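See below for the structure under consideration.
The model shown is predicted, which means the values in this text are computed figures rather than measured ones. The sequence lines fix the lettering, A, B, ..., with proteins before strands; numbering per chain opens at 1.
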2 protein chains.
Amino acid sequence: MPYRETDATRRRAEERRTSLLMAARALVARHGFAGAKVSAIADTAGTSTGLVYSYFDNRDELLATVFRESASQELDTTRQATAAAGPDVTGRLDAFIRTFAGRALRGRRLAWALLFEPVSPLVEAERLVYRRAYIDIAEHLVRDGIDTGAFAAQHPGVSGAATIGAISESLIGRLNPLGHDSLDGLPDETIIDDIVRYCHRALGAPAIEPKETPR
Amino acid sequence: MPYRETDATRRRAEERRTSLLMAARALVARHGFAGAKVSAIADTAGTSTGLVYSYFDNRDELLATVFRESASQELDTTRQATAAAGPDVTGRLDAFIRTFAGRALRGRRLAWALLFEPVSPLVEAERLVYRRAYIDIAEHLVRDGIDTGAFAAQHPGVSGAATIGAISESLIGRLNPLGHDSLDGLPDETIIDDIVRYCHRALGAPAIEPKETPR
DNA sequence: TGAAGGATTGAAGGATGATTCAATACTACC
DNA sequence: GGTAGTATTGAATCATCCTTCAATCCTTCA
């Protein structure tokens, strides 16, 4: 019985799979999910289109995996930055917003794909999971702030969702590869500062004056 | 030269066109834009699929028209309710939020289609216009509030966008025909009250206590 | 009523991409 | 090298809808 699955073959298969995922990820980061066509992914990975189907059941599942990996990396980074900001709730909220918004503005196309691009229901389901995770972070912050008396009394779930919404809607104009930005002309940093102040007020936190003097 | 275009024929054509639009609108309100397939629209309107193309250049244009009509009706209603709330900025903000959120929750599927459903670029462009219009309303309110001393000093554009985002993100869980709502269990009215309070705080407006005693 | 010409039909044609699969190329082991 | 079995290829096939268009039906007006 010649030919057996061996370490070498397993490793090669793993590499193939990874290279397909990396190719898809690169395409998504550059052209969005719509640009990640099976043939383009295969081309980019240097394989035939057919091979994609020995590594993934179908395109949707592949894209959902790409979404999961990219989104979870973003989420981890944001989580860590938030946690690293220390014990003060207000400072953690600040770090959360700045990390989330800052990263989105630095990788606009990817951020747009992850946050707003129209996607298939399977990928949308994945998005819902991550959206929920961000809301959870915000919700915990709010709860914490209420408990320690740093924030006003409020419904943590609603305020968490509202905060995520406030941040992302403020960014959407900048991220959308089409539409014009109503906030055009403002530097990114200014916008982020304004969002931070908005959210602090919304949660009833004491204002943090940014280093720059306010307009 | 028999057969001339006449009042009767013109009227009938107008009716045909309208019935196609109504059919499409009904389908969108029930199944979203994805459910408004050309054949389904034609069936619902009681015509052949081919006929659709003597009244509209293509499906996208028809759907963009449907979007425009539905969205502008929503916008008008919200605008009027806001204006009708009187001269007090805080009260107008309150009316704006309650009208927007209340209507969305009453017509969830339509609201979801208009606000969040993945659509073609042409329809998305239409959505951008209306999104911008809502932000404009909020932005004006903010500017007004700042001028009259009712709101804190802030960037009206950013705060306008953030406010729209806060409202819609709080609703998204309820509107999405798929995903579960993290705010499940809360009655709509409670959520709206919480959103109102959130936004008032965010803009630095004096709190408005709702008639109901807060939780 | 009948002829001219617009309105309507719906099956065929296209477009776009995902997916399959028979053929071919490799790999591992003797 | 030979062979059993796996990996890879990529052209053909499918699937889904939108869009077209030759044939047919309807209106209008003399």
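One interatomic measurement links the two molecules: CG of B/Asn58 to P of D/dC17, which rounds to 17 Å at whole-angstrom precision. Protein atom CG of A/Leu63 is 11 Å distant from nucleotide atom C1' of C/dA18, rounded to whole Å. Between the P atom of C/dG6 and the CZ atom of B/Arg10 lies a distance of 14 Å, rounded to the nearest Å. The interatomic distance linking A/Ile41 (CD1) with C/dT19 (C1') rounds to 14 Å, in whole Å. A straight line from CG of B/Asp43 to P of C/dT9 spans 11 Å, rounded to a whole angstrom. Note: CG (B/Asp60) to C1' (D/dC17) measures 12 Å, nearest angstrom. In this entry the distance linking CZ of B/Arg11 with C1' of D/dT27 reads 13 Å, nearest Å. The distance from atom OH of B/Tyr53 to atom P of C/dG6 is 23 Å, rounded to the nearest whole Å.
If B/Gly46 and A/Asp57 are placed on DNA chain C by their nearest nucleotide, the residue sitting closer to the 5' end is B/Gly46.
Aromatic ring orientation, B/Phe33 versus B/Phe67: parallel (interplanar angle below 30°, classes split at 30° and 60°).
Under a 3.5 Å cut-off, the side chain of A/Arg59 and the backbone N or O of A/Ala36 do form a donor-acceptor pair. For A/Arg17 (side chain) and A/Phe56 (main-chain N/O), no donor-acceptor pair under 3.5 Å exists by modelled atom type. The backbone N or O of B/Leu105 sits less than 3.5 Å from a side-chain atom of B/Arg108, completing a donor-acceptor pair. Proximity of a side-chain donor or acceptor of B/Ser54 to a complementary backbone N or O of B/Leu51 within less than 3.5 Å is detected. For the pair A/Arg174 (side chain) and A/Leu183 (backbone), a donor-acceptor distance under 3.5 Å is present.
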I'd like a table of atom pairs between the protein and nucleotides 11-17 of chain C - only N or O on both sides, under 3.5 Å - with the distance next to each one.
from: C/dG17; atom 1: OP1; to: A/Lys37; atom 2: NZ; distance (Å): 3.3

Polar atom pairs (N or O), protein with nucleotides 6-8 of chain D, under 3.5 Å:
from: D/dT8; atom 1: OP1; to: A/Arg16; atom 2: NE; distance (Å): 2.9
from: D/dT8; atom 1: OP2; to: A/Tyr55; atom 2: OH; distance (Å): 2.8

- prompt: What do the steps show when you test A/Glu117 against A/Leu110 for side-chain contact (heavy atoms from CB on, under 4.5 Å), and what is the final call?
  reply: CA-CA 10 Å; A/Glu117 184 186 356; A/Leu110 177 63; over 6 Å; no
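Under a 4.0 Å N-O distance rule, the pair A/Glu124/A/Arg127 qualifies as a salt bridge. Ionic pairing of B/Arg10 and B/Glu14 is not present here: no N-O contact between side-chain nitrogen and carboxylate oxygen is shorter than 4.0 angstrom.
Contact annotation: the side chain of B/Gln154 never approaches that of A/Asp194 to less than 4.5 Å [non-hydrogen atoms, C-beta and beyond]. Within the 4.5 Å cutoff, no side-chain heavy atoms of A/Val158 are placed close to those of B/Arg197.
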- request: Dot-bracket notation for DNA chain D is requested: 5' to 3', Watson-Crick or G-U wobble pairs only, both distances under 3.5 Å, with ( ), [ ], | and . as defined.
  value: ||||||||||||||||||||||||||||||
